[in-house]
Structures are given as C-alpha cells and as structure tokens.
Amino acid sequence: MFRINFGEKIFEADAPLSVYDAARGAELPMLGVLAASVGGKTVELTHVLDADADVKLLTFADAEGRHAFWHTTSHVLAQAVKRLFPEVKLAIGPAIEQGFYYDFDVKEPFRPEDLEKIEGEMKKIVKENIRLERFTLPRDEAIAFMEEREEPYKVELIRDLPEGEEISFYRQGDFTDLCAGPHLFSTGAIKAFKLTSATGAYWRGDANNKMLCRVYGVSFPTKDELKEHLDRIEEAKQRDHKKLGREMELFMFHETAPGMPYFLPRGWTLYNALLEYWRGEHRKHDYQEISGPVLSEKQLWVTSGHWDHYQDGMFVIPSDENTTYAMKPMNCPNAINVFRSRQRSYRELPIRYSQTDVIHRKEKSGELNGLFRVQQFHQDDAHIFVEESGIEAEISDIMDIAKTIYGTFGLTYTAELSTRPDDYMGDLDLWNKAEESLKTILTHKFGADGFEINEGDGAFYGPKIDLGMRDCLGRQWQMGTIQLDFQLPLNFDLKYVAEDGSMKRPVMIHRAIFGSMERFIGIITEHFKGQFPFWLAPVEVGVVPIRPDHNDYARRVVAALEDAGIRTDVDYTDQNMKNKIRHHKEQRAPYVLVLGDAEAQNGTVSVNVRGSQSSVRDVPLDGFVRRAAEMKKNHELELESEFR
RNA sequence: GCUGAUGUAGCGCAGUCGGUAGCGCACGUCAUUGGUAAUGACGAGGUCACGGGUUCGAAUCCCGUCAUCAGCUCCA
C-alpha cells in the first residue's frame, strides 16, 4: 500500500500504476492534462508509480506542460519530415521559450512551399492520434538501433551521453526518436500548430560544424489560442523600433554607411534629452565628463592590446606610408591617457571619467539590426580608476545608478555575473576577491536567485556584470555592463601615489548604463510603443490654431511653453484643424492644445491628452505650463490625468 | 561569415503568361475658414537596389554584387 498525493486529493494504491490511472482513481478531471510533475520531475502520464509520491498534474497553463506539448509537436514535425523526405537526417528538436524547433540535415534547405507540405503531413499525424511509447535501451543497442536507421547525429548524441545515464526512446507509429522526454500521451492533442520559419543553424551551435536546416514552429491545444498567439506577434511587430523610427522620423540609415545611424531632428532631440538626463544623474555621483579623439595611431591600439585581440573589429585607415590610424572601438585608452596626463594620488581616487564619444566597431555582414546592432554608436561610457579596497563600494554605486536610471523608464532588467575564464590574467587572489564582491553586491540587490552566473564567461582581464533587457519580440539584449579590469592598468603601467608614499597600480572599472545610446533608444522606443514619457517626447506639446486668425494667440502659447523649456510643434498654415490634430497624434505628442476664439479670449487652452478621445476645455494657460514644466523636471512617467 | 526571405515614387503596397509601371497616404497648386484622428479638385513625382546575361523585347527569367529582415555563429 502506498499513497499518491495530488494535493487536494490522495489516492491509495496497492499495486504499481500509471499517473493517469492514479489520477482517474482519485477522480480528478483529466481534460487538458498533458503531463505530470512527480517529486519535482516532469514525467508523462504513462509514468508508473510504485511508491509514495507527491504528484502535480500539468496543463498547458504550466510551463512544463507547454514544454511537453511543444516537444511532442517537434516529434510530429520530425515524423512528417521523415515520411515526406526519408533521406533527411535528424539532429535535435527541443521545445523552446515560445514553441519548438527541429534541426534536419537536408541536401536542399526547406523552402516555404516545403513547410506547407510538411504542415499537411503533420495534420495527418495529429488526426491519426498516434500513441507515444517510451522505451529504453542499453548503450550498445541504442547505438546499433540508430546506426541501423542511418542517423549519424543520433549516434553521436548517444556516444556523448554520460556513462550510466538511461538512454530512452519514444516511438510513435512509424517514427522513433532518441529523447529524454517527457511527452504527451498521444499526437491527437495537438489541435493547432504552425511552422513559422526555416533557417540555418550549426550542428551543436558550432560555426565549424555543418549547417543544418532548422524548422521553427509553435503549437496550442486550440485554434483560438494559436490565433491569439499569432495576433500577439503581429501586435508586437507594431512596436518595432525600425518601423516606429521611420514613422516618427527619429532616425534613418543610408546604404553608403551600413549600421551607422543618421539621427533626424526629432530623434536627435530625443537623444539629447536622454543624454541631458544621464549627465544630471552622473553629476550627482561625482563623474567628470571627458572627450577624446576618434582616430588614433595604431601604436595606441598595440599598447592597449586591441591590435592583437580586436583588429577584425576595427576600421583601420592608412594615412601615409608611415602612419596607420584606427577608429576607436572603445574609449578606454582615452580615459587612460587622461589619467596618465599627470601624477595621481590616492587622495583623488576614485576618479570617474565619463565619455559618450562616437565609436566604431566593424561587424560581420548579417549581424546588423536597426539600432540594436550597429557599427557606429555612442556608449554612455565611464572609466573609473579605483584602489583595490574601493572596488566593492564603487560597483555598488554603479548598480544604484543603474537602478535609478532604469527605474525612470519603468524598465525591467536581468543581471548576469561572468566569472574567471581559463585564460585569465592577473592575480588569482584578486580575482577571487573581486568575484566575491560582485556576488555579494548582486545578492544584496537582486537576492540569491535574482541573477545568473556564467562560469568562465568573463573577459580575460576581469569579471563582469551584464544587465540585459528584452525587445518587442522577446529577444534579450545586453544593455548595461560593469567590467573590472586588471589588465589595461598593467599594459599602460598606470600608477598612483599611495598613502605610504609607494607607487601602486589602480584597478579600472569600465561601465555603461544605457549600454549604447542607440540600442537604448531602440529598446525604449519599443518599450513605450513610441509613446515616450513627457520629458522624452521629441515634441512635448502640439499646438493647433483652429483658423489662421488664431495664430497670434498660438504664438503666445508657444512662447509661454518654450520659455518654460517645453518643446512644441505648431502648424500656422490654413490646413484643416482636424489634419493638424491628426498629425500631432500620429507623432504621439503627449499633449495637443487646440486654440480657437474661446481660448484666445479667455487665455485658456483646450487640452487633448495622448490616448484619450476627448479633450478638456478652459484650462488656464499658465496652469498648464506650470504643471507641464513640473512633470518634465520630475521625469514623470505618466501624463497628468487632470487633463483627461 | 553561414541558411532563408525581401528590395517597384518619401512611406505602405499592387503589377497575371516576358510586351516600356499603377493604387493609397504624404508632397505641390487652387478652392474651402473649420471646435477635437483624413474637405474637395487638379498636379508633380519612378534608370522597378546595382552590374552582367538570355530574349526581337526584362520590374518579371538566369548569374553576380549590395542593402535590409528572420535565424545561426560572433559580440572587449
């Protein structure tokens, strides 16, 4: 006799039985149940229980349930491909965050027409409602099994499985795959699916390996859920910063300078508003801004190590026979030269040089992406020269700045710690101390489970913290970064006079909060869907004189706003007022003021708030200006509801 | 760099079977003088990404290049 605890119900069994049978025995509703969690491990419903167990039934609402659902769909995909194209070799086919994929080794990559054919075959497999059966084989037999089927990738996978690991297979009718599971009971549950794309992907993610054909897809228990999902993706594309950047005239590209953005008047206004705010925050933390040359002679990059380690990423410009210049891919050597420009004392440390110069990094073709991945950009950079004992306090201060700044935009972010790689340089003790400091700070700010650790992923010159954000399609981008550097101070022989009169070497911290101005503008454009908070909007207030004879009053209103530092846009032509309003709305102006006879007479404005259909009449002009200036000064996220 | 897709007016798009290009918005002119998201009429605007090839004839078919997008890889 043993007890199976389903939470609200307990089933007592006297002989081994499947999760499914136990749940039925406990009279639990099984509609929509896809898999189960037994003692924290996800298993299929056919999993046999023979001892006391805590069991949770999983549906599509559970991440593990979705995972099993998508994983089974990937097997259906592979089965369909093998039926249609028997010569195709199978690689791997996991569930991912939003769906699944399967990698195939094919002679000719699948084209969109092929995907339609495959979808058709998948429909048949779903309709056939084939049961999935799990079985295991000893290693030798497992290898023989896949060798017989001429699946070299599967053979390789089996060979690489650790000794002693159970080797499981799943059979569904005429198709069998090596797989750890778990899976659905049958293919019939997959009522709605779509193959979304076919692209290339390297075997085992290594560019030296053969490129396979990866088919992506997504599936749901009902057609409605699939439609909802596809609609959501369509909706997300509406916030694409590349689309909004064009519509709102923020930035553009020209084919003569790939990956090097042109900022248009409205975009540059936004850029400067952003930078002005950033400067204010950094003044509060005792940063001093500097600027340095964009071109430097090769020798500088040889000393810094970039010439050896990063030459492919630099735009190199031969000047004459004797001189070769390179565009700077980063600012650190500038800050270092400023530090070295005179003797330094411990009394001055930490020295914090901020810098937002333009930098250039050559990217391989195919890597560029709107403002997210560019070849010319501006980091909101700073280099801090600090004593070893000051590292922890300094990192903590930087994390505070990041928290404040991201908070102003209402952005959520993730933190990752990258630790010592195998080819590290410098003192092991210092590394350990530094990593401990970083961990302590991250634990303090995010909790013990609030950040990820990438073991061995740090730069050779020091450990780092990366702060990441997601774009409208859910892709993760690195934004802020805090990097400790024990190497450059050595390369450039940096020194300061310590309290005891000896010469000591400072530690350098490279850090950026936005990451790059460009990428950050891309992220917030998508985050706000182009509806920037008041203080950031390229045009804060759109002004609409109803008829040209209201232009005089409109000029007074504009002057009052501009005097208060508020950015306006107004059309004094005899264009129809509805069109003027529409124009401001399309540009997502936070406020549109409509001015006619009544307003001119009473010294008021009619306020239309972004996102609302109606407007508020008879708002006194001076009251509006005062409130607007206040909102701007406070960097308020929300628009004033009083005007709604 | 790799795989796939796309490239037609400023923007969004159509263009069938190969026969010298069209729609909407935006833009210009004129009329309209208005109360909260499109007033009307007329007009101008294109070396169909670029370079080759096939053909009597190419936006359309073929090859190459460039740019852009999705993914892979990379990202100090």
Side-chain angles (χ1 to χ4, degrees), chain A residues 96 101 103 106 108-112 114-115 196-216 237 240 242-243 246-247 249 252-259 304-306 308-310 312-314 329-332 359 361-370 372-375 379 381 418 458-462 464 466 473 475 477-478 481 483 485 487-488 510 512 542 544-550 573-587 589 592-599 606-617:
Chain A
I96 51 177
Y101 69 78
D103 285 348
V106 290
E108 292 288 316
F110 292 132
R111 327 189 95 239
D114 297 322
L115 294 190
T196 47
S197 64
T199 68
Y202 300 106
W203 167 238
R204 303 201 136 176
D206 186 335
N208 297 314
N209 286 341
K210 185 167 184 186
M211 175 156 276
L212 308 172
C213 176
R214 174 171 297 178
V215 178
Y216 284 92
K237 284 184 186 157
D240 187 321
K242 298 180 279 289
K243 178 181 152 69
R246 219 180 358 258
E247 282 176 17
E249 299 187 11
M252 58 171 255
F253 290 91
H254 193 265
E255 60 184 351
T256 52
S304 70
H306 290 98
D308 285 341
H309 288 99
Y310 196 64
D312 288 349
M314 284 200 280
M330 45 206 66
N331 295 308
C332 358
I359 58 178
R361 294 184 188 176
K362 204 184 267 186
E363 296 289 355
K364 286 180 240 160
S365 69
E367 305 288 12
L368 302 179
N369 187 321
F372 287 150
R373 189 79 177 262
V374 287
Q375 300 199 110
Q379 286 184 318
D381 216 352
S418 298
F460 66 92
Y461 53 75
K464 59 173 182 170
D466 288 326
L473 294 176
R475 294 176 296 201
W477 294 93
Q478 186 193 306
T481 185
Q483 307 182 355
D485 185 352
Q487 172 76 43
L488 281 179
H510 311 243
V544 176
I546 292 178
R547 289 192 311 274
D549 48 299
H550 301 123
T573 69
D574 61 355
Q575 173 74 262
N576 185 298
M577 68 163 280
K578 290 198 183 199
N579 281 319
K580 293 183 190 174
I581 293 168
R582 185 157 181 270
H583 171 74
H584 293 310
K585 292 283 188 185
E586 275 173 352
Q587 291 298 325
V592 177
L593 303 185
V594 177
L595 310 175
D597 291 335
E599 287 77 11
S606 170
V607 184
N608 191 314
V609 186
R610 184 174 60 204
S612 97
Q613 294 296 319
S614 58
S615 56
V616 178
R617 306 279 297 262

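Keep in mind the model is a prediction, meaning the values are calculated, not measured. Letters A, B, ... are given to chains in the order of the sequence lines, protein chains preceding strands, and every chain is numbered from 1.
Residue contacts for A/His306: at a heavy-atom cut-off of 4.0 Å it reaches a base atom on one of the strands shown. Using a 4.0 Å heavy-atom criterion, one finds that A/Asp549 contacts no nucleic acid atom at all. At the heavy-atom level, A/Phe110 lies nowhere under 4.0 Å from the strands shown. Base contact: A/Pro548 has a heavy atom under 4.0 Å from a base atom. Residue A/Arg204 is out of contact with every strand shown, counting any heavy-atom pair closer than 4.0 Å. Counting non-hydrogen atoms under 4.0 angstrom, A/Arg373 reaches a base of the nucleic acid. Residue A/Ser365 is classed as a base contact, given a heavy-atom separation below 4.0 Å to a base. Using a 4.0 Å heavy-atom criterion, one finds that A/Gly313 contacts no nucleic acid atom at all. At the heavy-atom level, A/Gly458 lies nowhere under 4.0 Å from the strands shown. Contact annotation for A/Arg617: base contact, defined as any heavy-atom pair under 4.0 Å involving a base atom. Nucleic acid contact for A/Leu368: sugar-phosphate only, since backbone atoms but no base atoms lie under 4.0 Å from a heavy atom of the residue.
Side-chain atoms of A/Ser615 come within donor-acceptor range of the base of B/U36, with a qualifying N/O pair under 3.5 Å. Side-chain atoms of A/Tyr202 and base atoms of B/G1 include a donor and an acceptor less than 3.5 Å apart. Taking 3.5 Å as the limit, the base of B/G35 and the side chain of A/Glu599 contain a donor-acceptor pair of atoms between them.
The distance from atom OG of A/Ser615 to atom CD1 of A/Ile581, rounded to the nearest 0.5 Å, is 8.0 Å. Between atom CE of residue A/Met330 and atom CG of residue A/Leu488 there is a gap of 9.5 Å, rounded to the nearest 0.5 Å. The line from NE2 of A/His550 to CG of A/Leu595 is 8.5 Å long, rounded to the nearest 0.5 Å. We find the CG-CZ distance between A/Asp240 and A/Arg246 to be 8.5 Å, quoted to the nearest 0.5 Å. In this structure, OH on A/Tyr202 lies 4.0 Å from CE on A/Met211, to the nearest 0.5 angstrom. Interatomic distance, CG of A/Asp312 versus NZ of A/Lys364, reported as 8.5 Å (0.5 Å rounding).
Atom CG in A/Leu115 sits about 11 Å away from atom P in B/A5, given to the nearest Å. Taking atom CD on A/Glu108 and atom P on B/A5, their separation rounds to 11 Å, with Å as the unit. A/Lys580 places its NZ atom 12 Å from the C1' atom of B/G35, with the value rounded to the nearest Å. Between the NE2 atom of A/His550 and the P atom of B/G34 there is a distance of 9 Å, given to the nearest Å. One can place CG of A/Asp206 at 9 Å from C1' of B/U73, the figure rounded to the nearest angstrom. Computed from coordinates, the A/Glu367 CD to B/G1 C1' distance equals 8 Å when rounded to whole Å. Per the geometry, CG belonging to A/Asn576 stands 11 Å off P belonging to B/A37, to the nearest Å. Atom CH2 in A/Trp203 sits roughly 22 Å away from atom P in B/C2 (whole-Å rounding).
Atom C1' of B/G53 sits at a distance of 15 Å from the matching atom of B/U60, rounded to the whole Å. To the nearest whole angstrom, the two P atoms, one in B/G43 and one in B/G52, are 37 Å apart. If you take atom C1' in B/G12 and the same atom in B/U8, they sit 12 Å apart, rounded to whole Å. A gap of 22 Å separates the P atoms of B/C74 and B/A67, to the nearest Å.
Across all strands shown, B/C11 forms a Watson-Crick or G-U wobble pair, both distances under 3.5 Å, with B/G24. Both distances falling under 3.5 Å, in either a Watson-Crick or a G-U wobble arrangement, occur for no nucleotide opposite B/G45. B/A67 is paired with B/U6 under the criterion used here, namely a Watson-Crick or G-U wobble arrangement in which both key atom distances are under 3.5 Å. Taking a pair to require two hydrogen-bonding distances under 3.5 Å in either a Watson-Crick or a G-U wobble arrangement, B/G19 pairs with B/C56. Of the nucleotides present, B/G1 is the one that pairs with B/C72 by Watson-Crick or G-U wobble criteria, both distances under 3.5 Å. B/A31: Watson-Crick or G-U partner is B/U39, with both key distances under 3.5 Å.
Side-chain proximity of A/Tyr216 to B/A38, B/G71, B/U3: nearest is B/G71. Checking B/G71, B/U73, B/A38 against every side-chain atom of A/Asn579, the shortest atom distance belongs to B/A38. Listed nucleotides B/U39, B/U36, B/G71 differ in distance to A/Val594; the shortest reach to its side chain belongs to B/U36. Among the nucleotides B/G34, B/C69, B/U73, the one closest to any side-chain atom of A/Lys364 is B/U73. Listed nucleotides B/G71, B/A70, B/A38 differ in distance to A/Arg582; the shortest reach to its side chain belongs to B/A38. Comparing B/G35, B/U3, B/A67 by their closest approach to the side chain of A/Thr199 singles out B/U3.
The backbone N or O of A/Gly305 sits nowhere less than 3.5 Å from a side-chain atom of A/Asp308 that would complete a donor-acceptor pair.
Using a 4.0 Å cut-off between charged side-chain N and carboxylate O, A/Arg547 and A/Asp597 make a salt bridge.
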Handout entry: Stepwise side-chain contact (heavy atoms from CB on, under 4.5 Å) test for A/Glu599 and A/Arg617
Key = CA-CA 8 Å; A/Glu599 287 77 11; A/Arg617 306 279 297 262; 3.4 Å; yes

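Between A/Arg214 and B/G71 there is no side-chain polar atom (N or O) within less than 4.0 angstrom of OP1 or OP2. Phosphate proximity of B/G71 to A/Arg475: present, with a side-chain N or O under 4.0 Å from OP1 or OP2. Within the structure, every side-chain polar atom (N or O) of A/Asn369 is placed at least 4.0 Å from both OP1 and OP2 of B/U68.
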Show the distances under 3.5 angstrom between N or O atoms of the protein and N or O atoms of nucleotides 8-15 of chain B.
residue, atom, partner, partner atom, Å
B/G12, OP1, A/Arg246, NE, 3.4
B/G12, OP1, A/Arg246, NH2, 3.3

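Across all non-hydrogen atoms, the minimal contact from A/Val544 to A/His584 is CG2-CD2, 3.5 Å.
Counting only heavy atoms from C-beta outward, the side chains of A/Asn608 and A/Lys585 approach each other to under 4.5 Å.
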